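Please read the structure below before turning to the comments.
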Amino acid sequence: MSTVPSPAPNSSPTPALGWTPPPRPTGAAAPAIPAPPAVDTLTVTVNGRPVTVPRLTPDWQGKPAPTTMLQACAAAGVSVPHYCYHHRLPVAGNCRMCLVEYGTPALGPDRQPLKNPDGSLVIQKSPRPAIACATPVTPGMAIDTDTPGVRAMREGVLEFLLINHPLDCPICDQAGECKLQEYSVEYGRAASRFVETKVHKPKQVDLGPRIMLDDERCILCTRCIRFTRDLVGDDALGIVHRGSYSTLAAYPGRAFDNNYTLNTVDLCPVGALTSKDFRFRMRVWFLKETKSLCTSCGTGCNVLIGSRENVLYRYTPRENDAVNRSWLCDFGRLNYKWIGRADRLRQVRVRGEPATWTRALAELAERLRAIPAGHAAILASARLANEELFLLRKLAQHLGAETDIVPRHGEGDRFLVHPDKNPNTTGARVLGLAAAPPGANLPRFAERLRAGQLTALLVFGEDPLKHGFDPETLQRAELLVVSDLLPNGAAELAHFVLPGCAHAEKRGTFTNAHGRVQRFFKALEPPGDARPETEWLGELWERLTGERASTSPERLFRQLAEEVPAFRGLTWAALGDTGQDLPDGPPPPER
Amino acid sequence: MPQEHRLILRYVDTPGYTPDLECYLRHGGYAVLRRALALRPVTQPDGKTLSPQEQLRQEVMVSGLRGRGGAGFSTGLKWSLVDRKSGKPIYLICNADESEPGTFKDKQILYKDPHQLLEGMILACFANDVHLAFIYIRGEFVEGARLLNRALAEARAAGFLGRNILGSGYDLEIHVHRGAGAYICGEETGLIESLEGKRPYPRIKPPYYPAVLGLYQCPTIVNNVETLCAVKHVIAMGGAAYAKLGTPNNTGTRIVCLSGRVRRPGYYEIEVGKVTLRELIFDPAFGGGLPEGRQLKAVIPGGVSAKVFRAGEKVRLKTRGPDGREVEQEKDVLDLPYDFTTLVTAGSMSGSGAIIVLDDATDLVEALANISEFFAHESCGQCTPCREGSLWMAKALHRLCRGGGRPEDADYLLHIANNIPGGRTICAFGDACAWPVQSFVEKFRDEFVARGRQGRSPASGEPPPAGARPAGAASPVTHP
Ligand SMILES: Cc1cc2nc3c(=O)[nH]c(=O)nc-3n(C[C@H](O)[C@H](O)[C@H](O)COP(=O)(O)O)c2cc1C
Ligand code: SF4
Ligand code: SF4
Ligand code: SF4
Ligand code: FES
């Protein structure tokens, strides 16, 4: 397996102020929604078809800027090929792939637009093409993206891009998601006329701890440079030499090692920048993609899990304007390996002996029924999903048990990383499972265990031994239940060990630190006996109370939204791919 | 008899004329500035009041002065496009990067008469409410930068620069910035990036028009050294009087740099459009003809970026006869007046004013290889067509020169060159590197085809080097 070092979870450069997060809903009273201002629009034609677009469109920083030809074409359903343009980066205009032809209304001597007999505008064609990515549209402009001239320009640019390119797609890791390949097929010419020697540039450049660079594949679009400089605020990358010898490089003597480097791999349209973690491990077209979330901090970045045959190969960012836009931090992106660890808990155990779920749950229900009210405590985890926490809340109410979670704090930054290192602290708080402040109950649980006042401790996804409990204290419990994913000290002492699922192995929702409820889906089968917590918690509930409980996250979410006021009005379906905010926002911080 | 008309170079090269302030003052220096700073607002017949600055800008507009840096853009119009409402400071930059091969006119001013440039600059700055200006000088002009700094110190000490200039209340500071040796730093937006401390990657326009979003995203005027000197003369004589020099739409004087196969290479200041190319090359007052026994083969009329003219080439021109009617005339290129408009109509340009004369002993394939190598080396590498095309053309031409040619190479070169210019690139360098190749190959096609066939230089007569480089052999084009 890979030996790529992960960055320290909290290492991150001082982020730039390139982007201001959208305002979050605050306070209880939903503000009256003002009538949307009338949008100032203008009409242009794209390949002869009129399309009306707003005069202003948010730019990469979200600020209103004149709508560009490329945006107008997109509105008309016409895609314009591009390399250097990226909607979240400042425009560079260097690749010239997006060149289009255009014209503007011809004016008569009275400076009024001239009209054809049929009433249409007389168009005066511009003698020069324009780059669609940077040229603002003006009223009446006629944009042409499919003329012989435009096709010739695209062919020309592609030919230029390919003359010094290695052209060894079969051994390139980008194959399958390479824009150079794709556009060459779509817009290029079959053969190059180039008969000179190619320019040779450095290969296998160790750009930083997580990034490999092949300068010969680089098309110098500067996306990686702009992202790193203008969004992360790290001036680590640049171009050295000039002309055709231009070479992407990290600042001399300086590693490219900020906490956001892997986004450049996603941005790179070709196979120049590759992730040391992922490169050459799997052809991308074999990967199954599953919508999921990063669980490494309270931001809850949206990810796509790339997996094949039950092996998780990578996380890539999934766009969400309200959360992570198009990015992930390196730490979160690489923090997936534990899911596939060989020592995952895979066996249901009762007092150290393997058992079936049926037996274990029957026996556990039996034992729980014998615990007097107020003598049980539930140590839940803010890494559990809302639906799981909802079942635990019911269980706690039934048992008269106190609850809490283990808080995790670290450093945040101004780009993505949140200081809360749990993915669902907000969920645990609004569902009433967290003490105020979270973790405040833990010393008391230990105290009460030692004093013999607590006889049952149910632990989910946490190792109490790492959070202020010593083995003797835990052993005072007559009933110690541990459900977890990875082996831990408490599991060794537990009467019941119930293996759970990683988020990648189940469906559910998390509520991020800003109060956004987001769904994640199942990419992998869990190992061994492990089952989604909702399934067996539902079963346990049924055995304990005789009442049927839902085990599907969809149904549980509906109940939760009905019963828990913080979630009112939300539905599983309406959460969609990018989630929804809690109607009242996140609860105010305590501490 | 065509003659030089020395306005800017009036004193330069006269015996005893030195670049110090004392000498400049003895020759009437800074009198124009003194007059300009003393201007009062005037009320026009229509009741509108013109500030002194507006009066100066109007003179420049009336003068018809066109930029001497290469593009020949109207200076008055350039100044009128400056965003004066942004609330941001307005900057002025003197482009002293003079790097176009064949051009050595700004150097004469910088080295021999720096105070004339300063006076022109201070006038231009005053006229445009500029309080901070820069002179971006090419790195190779080490001595020029030293002289400029000395001149600035002298001007400051004498009260022509700094706070409250000549008691007028007007403040201006000028700084000299030395380039580090890159042609592209002469392109105005590349220059601005370089001045900001970055790689000189020319900016995309829109949105980065210097007049609106220039240096530090503030409105900025970039003018050539010679243009700024001309401003001084426009103010001195009045715009209308200046416009009487030269020809309509091509007013004033400009300095022409003559090089190549002429007997008297050098710089000559002429009235624009009053002298023909033939006179510039052959007249004893100018080039004095080619060396004994040599025939004219080609002329590059405006620096190596300009399209070449073939000797004997005819162009059809539309001109207005004395009765005002348009007549079409066929003219030998040599009989074209040396100005901005006509040369553009004839398919080339007067560019930086550098005329390069090529004779029948010149191997045009090698000459073009040389030019293309320059462009391959100087392309900033930012945009695809120029970055890749400039080196590709240079490699192909070197291959041709070294005996690895193919009959199809003429078309091959045109194919490459045709994919670069005409707005396909960020800056005009793309045109500059493609135009020589397009024009040489189109106008001397036979030579390129012949070279492709025989794989050796007909002019030098040298056999191809042993084991002539096959297509694809290592290129001689230097790697950084
Ligand atoms: C590749 C390139 C190189 C240039 N080099 C110079 C130069 O060395 N000096 C100069 O004055 N203008 C140069 N120019 C022109 C400038 O961009 C600009 O037009 C000029 O400085 C404006 O001054 P003017 O209006 O006074 O002519 C260059 C333009 C290009 C495209
Ligand atoms: S490495 Fe990739 S993203 Fe960076 S400049 Fe090169 S092609 Fe563009
Ligand atoms: S910032 Fe995003 S990717 Fe990084 S740990 Fe947090 S949720 Fe995961
Ligand atoms: S045309 Fe050439 S010099 Fe100009 S920006 Fe593009 S690559 Fe640079
Ligand atoms: S997308 Fe690269 S120039 Fe427009």
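Only a predicted model underlies this, so the values are computations on that prediction, with no experimental measurement involved. Within every chain, numbering begins at 1; the chains are lettered A, B, ... in the order of the sequence lines, protein sequences first and strands thereafter.
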So what's closer than 4.5 Å to chain B heavy atoms on [X]: side chain, backbone, both or neither?
X	value
A:Ser244	both
A:Phe194	both
A:Ala130	neither
A:Leu161	both
A:Ile219	backbone

- Query: Which atoms of B:Tyr201 come close to chain A, meaning under 4.5 Å heavy atom to heavy atom: side chain ones, backbone ones, both, or neither?
  - Reply: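 The side chain, not the backbone.
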- So, do B:Trp392 and B:Tyr412 have ring centers that fall under 6.0 Å from each other?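 Between B:Tyr412 and B:Trp392, which both carry aromatic rings, the centre distance is below 6.0 Å.
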- Task: Under 4.5 Å, counting heavy-atom pairs only, tell me which of A:Ile239, A:Val157, A:Ile131 racks up the most with chain B.
- Result: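 Looking at each option in turn, the highest pair count goes to A:Ile239.
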- Query: Any idea which of A:Thr135, A:Ile163, A:Thr222 has the most non-hydrogen atom pairs under 4.5 angstrom with chain B?
  - Reply: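 Heavy-atom pair counts peak at A:Ile163.
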- Spell out the residues in residues 178-186 of chain B that have some non-hydrogen atom less than 4.5 Å away from a non-hydrogen atom of chain A, in order of number; otherwise answer 'none'.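 If one takes a 4.5 Å heavy-atom cut-off, the residues of residues 178-186 of chain B near chain A are B:Gly181, B:Ala182.
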- Query: Residue by residue, which of residues 414-427 of chain B have a heavy atom closer than 4.5 Å to a heavy atom belonging to chain A?
  - Reply: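 Contacts with chain A: B:His415, B:Ile416, B:Asn419, B:Ile420, B:Gly422, B:Gly423, B:Arg424, B:Thr425, B:Ile426.
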- Task: Run through A:Glu155, A:Glu182, A:Arg154 and flag the one making a side-chain contact (heavy atoms from CB on, under 4.5 Å) with A:Tyr187.
- Result: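 With A:Tyr187 as partner, A:Glu155, A:Glu182, A:Arg154 yield a single side-chain contact (heavy atoms from CB on, under 4.5 Å), made by A:Arg154.
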- Query: Pick from B:Glu447, B:Arg451, B:Arg453: which one makes a side-chain contact (heavy atoms from CB on, under 4.5 Å) with B:Val449?
  - Reply: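 The side-chain contact (heavy atoms from CB on, under 4.5 Å) with B:Val449 is passed solely by B:Arg453 among B:Glu447, B:Arg451, B:Arg453.
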Taking the side chain as C-beta and beyond, is there a heavy-atom pair between [X] and [Y] under 4.5 Å?
X	Y	result
A:Met153	A:Met97	no
B:Thr342	B:Leu317	yes
A:Pro136	B:Pro206	yes

Using a distance-only test with no angle check, is there a side-chain donor-acceptor pair under 3.5 angstrom linking [X] and [Y]?
X	Y	value
A:Glu101	A:Ser126	no
B:Ser194	B:Tyr136	yes
B:Thr384	A:Asn94	no

- Item | A:Tyr102 side chain vs A:Met141 backbone, donor-acceptor pair below 3.5 Å |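 No, because the side chain of A:Tyr102 does not come within donor-acceptor range (under 3.5 Å) of the backbone of A:Met141.
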- Given the rule in the side-chain hydrogen bond (donor to acceptor under 3.5 Å, both in side chains) test, do A:Thr68 and A:Gln71 qualify, once you have shown the distances and angles that lead to the verdict? CA-CA 5 Å; A:Thr68 62; A:Gln71 288 158 343; 3.2 Å; yes
- What closest approach, in Å, do A:Cys98 and A:His82 show between heavy atoms, and which atom pair accounts for it?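 What the structure gives for the nearest pair is CB-CB, 4.4 Å.
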- Item | salt bridge (Lys or Arg N to Asp or Glu O under 4.0 Å) assessment of A:Glu196 paired with B:Arg406 | CA-CA 12 Å; A:Glu196 324 301 332; B:Arg406 305 168 304 162; 5.4 Å; no
